[in-house]
Amino acid sequence: MLERGSDMVLAAHFTPVAGGWLTATTVESVRFTRPGRIDFRLVRGPVPAVVESFRLSEYESGTRLEYEGELGTDVWALGQRWGQLVAGRWVVDRARPRQDGPRLLALPLLGAAPGRAE
């Protein structure tokens with residue numbers, strides 16, 4: 001965590017890509033809206049644009065987690081391929097339980113953009 005406010009943090013993380021040959025450095029703002037929304041916006045990273053949200057709502061006898069996100073790339077085919085590589089790794093990272101935070105076991109990609117890993 002680089003910076004912290006009452007409802008927002010600025011965080012950095014490093015993700016191995018391309019079989020560990022490269023590391024994607026990502027800085028993103030994370031805004032928390034009570035009672036059930038978390039929004040992410042890319043500040044610096046391996047692609048030009050990422051906007052995401054997680055929404056929690058009551059559902060039957062439990063809680064529903066809805067995910068929505070957009071990933072933008074540039075440089076035509078090369079950018080599209082890089083976006084697929086980064087998105088594929090990102091999906092694996094987000095679906096894996098973590099020791100240092102909430103346990104998100106499965107995140108459906110609703111309305112995934114073309115070229116986005118599902």
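The analysis underlying the following values was restricted to heavy atoms, covering all of them including side chains, and did not include hydrogens, waters or symmetry mates. Computed from a predicted model, the values in this text were never measured in an experiment. FYI, the numbering just counts along the sequence from 1.
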Search all heavy atoms of [X] against all heavy atoms of [Y] and return the closest pair with its distance.
X: T25; Y: R44; result: CG2-NH1, 3.1 Å
X: P48; Y: G72; result: CD-O, 3.1 Å
X: R41; Y: V51; result: NH1-CG2, 3.4 Å

Distance check, rounded to the nearest 0.5 Å: [X] atom [atom1] versus [Y] atom [atom2]?
X: E52; Y: F40; atom1: CD; atom2: CZ; result: 6.5 Å
X: I38; Y: R55; atom1: CD1; atom2: CZ; result: 12.0 Å
X: M8; Y: T33; atom1: CE; atom2: OG1; result: 9.0 Å

- Salt bridge check: are D39 and R37 linked by an N-O gap of less than 4.0 Å? yes

- Query: Is any NZ, NE, NH1 or NH2 atom of the basic residue among E58 and R64 found under 4.0 Å from an Asp or Glu carboxylate oxygen of the other?
  - Reply: no

- May I ask you to test the V50-E28 pair for a side-chain heavy-atom distance under 4.5 Å? no

- Do V9 and F32 have side chains that get closer than 4.5 Å, going by heavy atoms? yes

- Message: If hydrophobic clusters are built by linking Ile, Leu, Val, Met, Phe, Trp and Tyr wherever their side-chain heavy atoms come under 4.5 Å apart, do Y59 and F54 end up in the same one?
- Response: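 They do not share one cluster, since no chain of ILVMFWY contacts under 4.5 Å joins Y59 to F54.
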
- Task: Take V27 and L10, measure what side chain to side chain contact (heavy atoms under 4.5 Å, CB included) needs, and give me the verdict at the end.
- Result: CA-CA 7 Å; V27 177; L10 184 64; 3.7 Å; yes

